Amino acid sequence: MRIVFYSTNSNHFSPESFKINVIPSDNEQFLSFQKKHPEHDFFCVTQLPGLFMPDNAIILNPEDNYIKVAEKILELKPDAAIALSFWNEPYDWLCINDSLVAEELKKHGIKTICNPLRTCLTCLNKQETNQFLNESGFLTPKSIFADHNLYFCAGSNKAVINNVYKDSLLKEIETLKLPLIIKDNVGLSSYGMTVVNTYGEAKGYLNSKRNNSDRLIEEYIDGEHFGVEVYGCDDKYSILPVFSISKNQYGITSPKQSTKHGPFTKADNKKYKIKRLLKTLNRLCRVLHINGCAQIDLIYSQKKWYILEINPRLSGMSYLYAARNNMTVFDMLFDSCMLHKKIKDSKLYTVDLKLPVLLAEQFELLYKYKEIVLLNQWNNLEAKQEREKGFCECVICTKTKKEAENLVKELSSLEFLNDFLEPECP
């Protein structure tokens, strides 16, 4: 078979100002995958930055829309196409573009592995996600949608004396339990998310210049944060182990700073009712018609699991899962969706650290530790503030938690990390 892995990017990206470095490289990982399936011919097509893609990927013009992307994929005469959807600021909608490509390919009889357009649209719009989860019987935080245009319409429309929409919205917000989270209704992950502790703070935020688009005001659920990825299609899914995600000083997760660790022990499985969670996630995949992969943000609070967000694409957890299972993202998608095989988990204890941007020699030094199975660095060369520079993801795999703790302690003693790493593993 001739099989194409593809991905698109409808947002601006500057390769001169943003550098991504992965060890083992995406090229090495793709070659490793190819060797397992010599009976197939594989091709990769993408638009920069082409996350997860190898060096020999066909790089398309950034101006190409979904129709042109589909046409160029069709020139390769594929039997099947698999989306490696990724993300890029400011809008988390690249999976939608990949779905549009898939729709074009289907018209020509090409088998496609890509999340449906309706699924991606539902997950992009946080209000729609919340409504879907409620109507489908899943637990999710209570929230209220704030329409930006209606909230500020009195300022530009002289016929309006009192903005009754604004008054009613602020009144309705007072029915929510404090504290509250205010977030962009279509933003990427938790970027720009704000936590407020009083109704007055919520009103102040909504009245300020910071409120420059539609917002979702959501009850803050006080609990433990977790993340998980799922792979599969046709009602056959691999639910990968749930990983704990650290919180920042505001009580929310930070994509650029969070630490992940897991998986659960047997005792944890009972404590957190993992069997029940797996059934819930399987049902979620079925009703959402997941076709490929998705990442799900969860909170465990008062012995209940809440679903926060669903990202129908690869994620910041993809390298973690691939590395700990001695696989690649190509393996996980191909095995689960083309071969309909369950992804077998390695059971290794894994810690995913977010370190500051490293120099080349520091980067190479860390990879010499046999327990460090992957490094993934994002470096914004035009960053004006420290927090904008990026991060280095470091995936550590050991047989036991104690071994991971010992390595983190050792790493914390390195001069370039001792001001950043705590000597104790989470």
Side-chain angles (χ1 to χ4, degrees), residues 10-12 87 89-93 96 117-223 225 247-255 297 299 301-302 304 306-311 385 387:
S10 60
N11 302 332
H12 283 292
W87 64 97
E89 296 182 46
Y91 302 120
D92 198 359
W93 61 11
I96 295 174
L117 182 59
R118 183 66 261 165
T119 298
C120 296
L121 288 169
T122 296
C123 296
L124 168 70
N125 187 306
K126 292 177 173 58
Q127 179 202 20
E128 195 170 333
T129 305
N130 188 278
Q131 185 177 352
F132 160 80
L133 291 170
N134 278 309
E135 291 177 353
S136 302
F138 297 101
L139 285 178
T140 191
K142 185 179 177 182
S143 64
I144 294 171
F145 173 73
D147 184 295
H148 181 263
N149 288 334
L150 283 175
Y151 193 85
F152 288 105
C153 68
S156 58
N157 191 333
K158 301 305 179 184
V160 176
I161 298 174
N162 295 313
N163 187 333
V164 296
Y165 173 81
K166 179 177 180 179
D167 291 342
S168 64
L169 179 73
L170 294 175
K171 188 69 175 178
E172 192 177 8
I173 287 174
E174 293 181 3
T175 66
L176 298 176
K177 293 180 181 178
L178 296 169
L180 304 174
I181 291 177
I182 303 177
K183 53 189 177 183
D184 189 325
N185 194 47
V186 293
L188 177 66
S189 191
S190 59
Y191 296 123
M193 191 179 292
T194 299
V195 179
V196 296
N197 295 296
T198 68
Y199 300 119
E201 285 182 48
K203 180 179 179 180
Y205 176 94
L206 292 173
N207 288 338
S208 72
K209 292 182 179 180
R210 295 173 66 192
N211 179 15
N212 54 14
S213 67
D214 292 342
R215 290 291 193 266
L216 197 69
I217 300 92
E218 185 177 87
E219 289 184 347
Y220 174 83
I221 302 293
D222 187 15
H225 287 241
K247 297 183 285 187
N248 61 19
Q249 67 268 35
Y250 305 108
I252 57 178
T253 60
S254 170
D297 290 328
I299 286 184
S301 177
Q302 297 182 347
K304 294 179 182 178
Y306 292 82
I307 298 173
L308 292 186
E309 288 191 11
I310 307 160
N311 302 301
Q385 298 181 39
R387 62 186 177 86

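All residue numbers in this chain count up from 1 along the given sequence. Every heavy atom of this structure was used, including side-chain atoms; hydrogens, water molecules and symmetry mates were not. Every value quoted in this text rests on a predicted model; they were computed, and no experiment measured them.
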d(D147 CG, Q127 CD) to nearest 0.5 Å is 9.0 Å
- Query: Between N248 (side chain) and G251 (backbone), is there a donor-acceptor pair under 3.5 Å?
  - Reply: yes
- prompt: Is Q302 atom CD crowded by more than 12 heavy atoms from other residues, nucleotides or ligands, each under 6.0 Å away?
  reply: no
The reported gap from OG in S301 to CD1 in I221 (rounded to nearest 0.5 angstrom) is 6.0 Å
When every non-hydrogen atom of G187 is compared with those of D92, the smallest separation belongs to O-CB, 4.3 Å
Problem - F138 backbone acceptor or donor facing S136 side chain under 3.5 Å - result: no
The reported gap from OG in S213 to NZ in K183 (rounded to nearest 0.5 angstrom) is 13.0 Å
D167 side chain near K171 side chain, heavy-atom distance below 4.5 Å = no
* To do: Apply side chain to side chain contact (heavy atoms under 4.5 Å, CB included) to the pair N185 and F145, showing each step before the final yes or no.
  => CA-CA 8 Å; N185 194 47; F145 173 73; 3.6 Å; yes
Over 12 non-hydrogen atoms of neighbours within 6.0 angstrom of OH in Y199: yes
Exercise for review: Might you work through the side chain to side chain contact (heavy atoms under 4.5 Å, CB included) test for N163 and C153, ending with a clear yes or no?
Suggested key: CA-CA 7 Å; N163 187 333; C153 68; 3.8 Å; yes
Could you tell me whether the side chain of I181 reaches within less than 4.5 Å of the side chain of M193, counting heavy atoms only?
yes
For this session: Taking the side chain as every heavy atom from C-beta outward, state whether D184 and R215 have any pair of such atoms under 4.5 Å apart.
Result: yes
Donor-acceptor check, side chain of N162 to backbone of V164, threshold 3.5 angstrom: yes or no? no
Assess whether side chain to side chain contact (heavy atoms under 4.5 Å, CB included) is satisfied between Y306 and T140, documenting all intermediate values.
CA-CA 5 Å; Y306 292 82; T140 191; 5.6 Å; no
CG of N134 to CG of L139, rounded to nearest 0.5 Å, is 9.0 Å
message = Within the structure provided, determine whether I144 and L169 are in side-chain contact (heavy-atom separation under 4.5 Å).
response = yes
query: Are N207 and Y151 side-chain neighbours, meaning at least one heavy-atom pair lies under 4.5 Å?
result: yes
Distance col, row K203:NZ vs T198:OG1, nearest 0.5 angstrom, shows 11.5 Å
Between the CD1 atom in I173 and the CD1 atom in I182, the distance rounded to the nearest 0.5 Å is 6.5 Å
Does the side chain of L188 reach to within under 4.5 Å of the side chain of W87, using non-hydrogen atoms? yes
*asked:* If you define the side chain from C-beta out and look only at heavy atoms, does anything of L308 sit under 4.5 Å from P141?
replied: yes
Side-chain donor or acceptor of T129 paired with backbone N/O of T122 under 3.5 Å:
yes
Scanning both residues in full, the closest heavy-atom pair of N197 with P179 reads OD1-CB, 3.5 Å
Looking only at heavy atoms, the pair that brings S10 and W93 closest together is OG-NE1, 3.0 Å
Correct closest heavy-atom pair for K177 and E219 would be N-OE2, 2.9 Å
Nearest heavy-atom contact between H148 and N211 is NE2-O, 3.1 Å
Heavy-atom check, side chain of L176 versus side chain of K142, under 4.5 Å
yes
The side chain to side chain contact (heavy atoms under 4.5 Å, CB included) partner of I310 among D297, L133, T119, L124 is L133
_Salt bridge E128-R118, side-chain N to carboxylate O under 4.0 Å_ = yes
Q | Residue pair T194, E201: steps toward the side chain to side chain contact (heavy atoms under 4.5 Å, CB included) verdict | A | CA-CA 10 Å; T194 299; E201 285 182 48; over 6 Å; no
